[in-house]
Amino acid sequence: MDEFARAVEDGLKLSKRLVLPGGLPPPRPPSGMDRTVSAAAAAGPDPRLLPTAPMAYAVVTDPGAVDTPDVPSYQPYVYGRLDPPAMIPLQMKEVDLAVDCALDAAHVTLRARWWLHCITRSRECDVRLVVPMGEQGSILGAEVTIGRRSCNTQVIEVGDHTAENRVNIESGGLLKPQLFFLTISQVEGGADIYATFRWSQKLLYDNGCFSVNIPFRFPYFVNPLPKVFMKREKIQLTVNSGFSKEVLLQGTSHLLKVEKGRQGDKLSFMHEAVVENWSSKDFNFLYSVYSADLSGAVLVQPATLRDYDDRDMFCIFLLPGSGNRKVFRKAVVFIIDTSGSMQGKPLDNVKHAVSTALSELAQEDYFNIITFNDELHSFSSCLEQVNEKTIASVTDWMNSNFVAEGGTDIMHPLSEAMALLSSVHDALPQIYLITDGSVDDEHNICQTVKTEITNRGYKSPRISTFGLGLHCNHYFLRMLASIGKGHYDAALETASIESRTLKWFGRASSTIVTNISIDDIKHLDDFEVDSEYIPDISAKSPLCVSGKYHGKFPDTVIVKGYLADMKEISIELKVQHLKEIPLDKVLTTQQINLLTSKAWLSADRQLERKVIKLSIQNGVPSEYTEMVLLETYLDKVDATQKVKQKLKGKKGPDEPRIPLYGLKLGFGDKDATRENLITGFGDVRPAEKSVILKKASGCCSRLADCFCCMCCIKACNRMNDQCAIVMAQVCAALSCLGCYECCAEVCCGGSES
């Protein structure tokens, strides 16, 4: 993302050339901020230039095109081209945010209008739209309208020949996790860009409160001048708990009015105003569902004609409540991957997270740590009781033994951990597996663990899994956690490893009810749960179990389980037939992930077809489908316009669908794991810049100093006499060394001359 911030920084410098209507300059930063930005720029790209709200950028390769669309500023002409391009943030005219919260998910629709204020009307440039999403954000679709052009996303089956085989990562997809973008080509200066984005994200749950957080901090430079445009901001929010419990407002970042009054378990809010400046803070809303103890409901929804399955859908939704239920005493074993690919920040962050997790264990708990690569190392030969002495000792041990080297072997340490926990009787056995790799025997691991857990019955250890980066098989880890009645999570960026690991451990280690079973379903003709087993109830997260059924549910269902004192508990849940909550939409992402994990384990083509139908039906990309960008025209184009489009290089209504980049996790990369590659994180996209220079310097390493000069030329985007001399010397040296191909690529941009 450094390249992104640097491009925006260059774009802001270019925008100083603009003179807006009325002879006014572009908006200036708040008092004191310009000095702060200058100081930060001296140390590198300013991270504050990364998008913290929906943004649009003009992608400028020709600085001569930068000017106000209607009134020329008569600035001196700038020669040359920008490589990499600069990105000028576009001014926004209006924004409309709609948030629907139901159960443990939020569906967000954002509409915005920008204008290409920095390119003269006689010129064109690409426009890049970037949308940051919230917790576990998953894009559902996008539509962009510019004049008569309409670009929209569509989910199609992989292997659909109407899509291009080659993925252009500049066209759209994920810049990084939770940061979606689209690039619209050849937009005329002064055009209005209307965009709609839809995505789903998880609600955060903490201490009985749900919260939704949406990036909504607009920088000062997207504010049009108030004398030129009236800025209208609109926010709509709907909260539906899903069952007959009162919704209590706990806090909000923006002033909201109740729109249609309180309707029991449903609340609707509205904010609409003409504002001087766009929002400078994220949109945050907190609410709780009144519940003194464990409570919930069974939500059912009949199948529709377009469903992938003709059975009806159900969801068992349980809240842990605000009552202080006792958490189970624990016997935990951490299994930590210390293979060579974990070196550096990944292993350091894991070590810090495990240290913090150990400090949160109670004095009556037991623990051990196993590290694995090609070999296995244990802190102790048995489980140790938590106390100040053992915690200090294990901290020293981690400092000495958390060394990244060797390969990856998961089965051996997993078997060792299960053997360590086999004799535990007075505590809940738990295994926490953290890895960044994929191994050959993943199917065998799942089957072996499943057999072991079946044989041990209710005393079997809970297995929670955590994946680091993109090289591990996240569907294997999800399935292993499902088999082990544990929790799965992942960190796709190094910066999020520690925080996400601690949240994952907090959920998995706060068990208050185990061995969940459902009564009163014998009369149903068919009853299938999406997950492998029903997981335990945690004090730090709601339980959401979905599935399909045939038959008729009774009016109430009894859910049973066991508390920390091993007393049985029965929870009566009312069966509710939903009308206002689209259960299929709310649960789509969860169902796709679970069904994909099952399909991976069983290699069942029928399950894969179910995932494909569910994915296309709801517009959610999966491993067996892909999201593509399709451009159409809103009306017929006459012959004259067709000629103009052809002369400008535009494609007509039959433009192919372009696959979007980075929306799939994949099923792991065993080759990368074997080679201990450490680039499986989404922090930096694959290098595309300076490829020619790297290739040339690989041929002729003696010219490294010369290439530094050439990098300066690229960065400055201009060439003076001294630069020209250096370029000539480099080309001469390359040709003397016999590197004619390198010389051609460096000096002629790869052209045959």
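The basis for the numbers below is simple: all heavy atoms, side chains too, and nothing from hydrogens, waters or symmetry mates.
Within the model, atoms OG of S253 and CG of L286 stand 9.0 Å from one another, a figure rounded to the nearest 0.5 Å. Of the inter-residue distances, the one linking L543 atom CG with S538 atom OG reads 9.5 Å to the nearest 0.5 angstrom. Summarising the geometry, atom CD belonging to Q236 is positioned 9.0 Å from atom OG belonging to S268; distances are rounded to the nearest 0.5 Å. Considering CD of Q447 and CD of E452, their distance stands at 13.5 Å, rounded to 0.5 Å. Within the model, atoms CD of E608 and OG of S615 stand 12.5 Å from one another, a figure rounded to the nearest 0.5 Å. The line from CG of L110 to CZ of R198 is 12.0 Å long, rounded to the nearest 0.5 Å.
For an aromatic pair to be called close, the ring centres must be under 6.0 Å apart, and F210 with Y287 satisfies this. H443 has its ring centre less than 6.0 Å from the ring centre of W600. The distance between the ring centers of F476 and F667 does not fall below 6.0 angstrom. Separation of the F527 and F314 ring centroids falls under the 6.0 Å cut-off. Here Y432 and W504 bring their ring centres to under 6.0 angstrom of each other.
When side chains are defined from C-beta on, L179 does not count as touching L174, because their heavy atoms never get closer than 4.5 Å. Contact check for F466 versus F505: no side-chain heavy atoms found under the 4.5 Å cut-off. At least one side-chain heavy atom of V158 sits less than 4.5 Å from a side-chain heavy atom of K664. Looking at L573 and T556, their side chains never come closer than 4.5 Å, going by heavy atoms from C-beta outward. By the 4.5 Å heavy-atom criterion applied to side chains, K585 and H107 are counted as neighbours. A 4.5 Å side-chain heavy-atom check between T596 and Y624 finds at least one atom pair inside the cut-off. In this structure, the side chains of C315 and M313 stay at 4.5 Å or more apart for every pair of heavy atoms. Side-chain contact between C101 and L203 is present, with at least one heavy-atom pair separated by less than 4.5 Å.
Remark: the backbone N or O of E157 is not paired with any side-chain donor or acceptor of T625 at under 3.5 angstrom. Between the side chain of S482 and the backbone N or O of R478 there is no donor-acceptor pair closer than 3.5 Å. The backbone N or O of A273 lies less than 3.5 Å from no partner atom in the side chain of E233, so there is not a single donor-acceptor pair. Remark: the backbone N or O of N213 is not paired with any side-chain donor or acceptor of D282 at under 3.5 angstrom. The backbone N or O of L614 sits less than 3.5 Å from a side-chain atom of N618, completing a donor-acceptor pair. Looking only at distances, no side-chain donor or acceptor of E143 sits under 3.5 Å from a matching main-chain atom of N152. Counting only distance, with no hydrogens or angles, the side chain of S241 and the backbone of V247 share no donor-acceptor pair below 3.5 Å. Formation of a donor-acceptor pair under 3.5 Å by the E626 side chain with backbone atoms of I156 is not found in this model. A donor-acceptor pair is defined here as one N or O able to donate and one able to accept, closer than 3.5 Å; such a pair exists between the side chain of S499 and the backbone of S496. At least one donor-acceptor pair under 3.5 Å links the side chain of E623 to the backbone N or O of L665.
The pair K503-E498 fails the salt-bridge criterion, with no side-chain N (NZ, NE, NH1 or NH2) lying under 4.0 Å from an Asp/Glu carboxylate O. Note on R507 versus D489: salt bridge recorded, some NZ/NE/NH1/NH2 to OD/OE distance being below 4.0 Å. In summary, D293 and R325 engage in a salt bridge, as defined by a charged side-chain N under 4.0 Å from a carboxylate O. Between D104 and K202 a salt bridge is recorded (basic side-chain N to carboxylate O distance below 4.0 Å). A salt bridge between K326 and D565 is absent, with no side-chain N of the basic residue lying under 4.0 Å from a carboxylate O of the acidic one. A salt bridge links D426 with R329: at least one charged nitrogen is closer than 4.0 Å to a carboxylate oxygen. Ion pairing of R311 with E528 is present here, as a side-chain N (NZ or NE/NH1/NH2) and a carboxylate O approach within less than 4.0 Å.
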Going through the distances and angles, do I214 and V99 end up as a side-chain contact (heavy atoms from CB on, under 4.5 Å)?
-> CA-CA 9 Å; I214 297 170; V99 185; 3.4 Å; yes
Under the side-chain contact (heavy atoms from CB on, under 4.5 Å) rule, what do H474 and L492 come out as? Steps first, then yes or no, please.
-> CA-CA 11 Å; H474 291 273; L492 302 181; 3.9 Å; yes
Please report the C-alpha distance between F285 and F269 in whole Å, then the side-chain angles of each, then the deciding distance to 0.1 Å, and finally whether the ring-ring contact (aromatic ring centres under 6.0 Å, His included) criterion is met.
-> CA-CA 11 Å; F285 187 86; F269 297 92; 5.3 Å; yes
Going through the distances and angles, do D96 and R232 end up as a side-chain contact (heavy atoms from CB on, under 4.5 Å)?
-> CA-CA 8 Å; D96 182 345; R232 185 172 296 278; over 6 Å; no
Check step by step if side-chain contact (heavy atoms from CB on, under 4.5 Å) holds for L563 and F328.
-> CA-CA 8 Å; L563 300 172; F328 273 76; 5.5 Å; no
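Considering every non-hydrogen atom in both T252 and H254, the closest pair reads OG1-O, 3.0 Å. Closest approach of A417 to V333, counting heavy atoms only: CB-CG1, 3.8 Å. Closest non-hydrogen pair, E493 versus K176, comes out as OE2-CE, 2.6 Å. In this structure, L587 and C544 approach most closely via the heavy-atom pair CD2-SG, 3.7 Å. The minimum heavy-atom distance between D536 and T514, with the atom names listed, is OD1-CA, 3.2 Å. Taking both residues in full, the closest heavy atoms of G467 and L477 are given as CA-CD1, 3.5 Å, listed atom of the first, atom of the second, then distance.
Remark: of the listed residues I569, I571, L318, I569 is the sole one forming a side chain to side chain contact (heavy atoms under 4.5 Å, CB included) with V513.
Counted within 6.0 Å of CG on D206, heavy atoms from surrounding residues, nucleotides or ligands total 12 or fewer; the atom is thus considered open. Residue K330 places its NZ atom among more than 12 non-hydrogen atoms of other residues, nucleotides or ligands, all under 6.0 Å distant. Crowding of D555 atom CG: a count of heavy atoms from other residues, nucleotides or ligands under 6.0 Å not exceeding 12.
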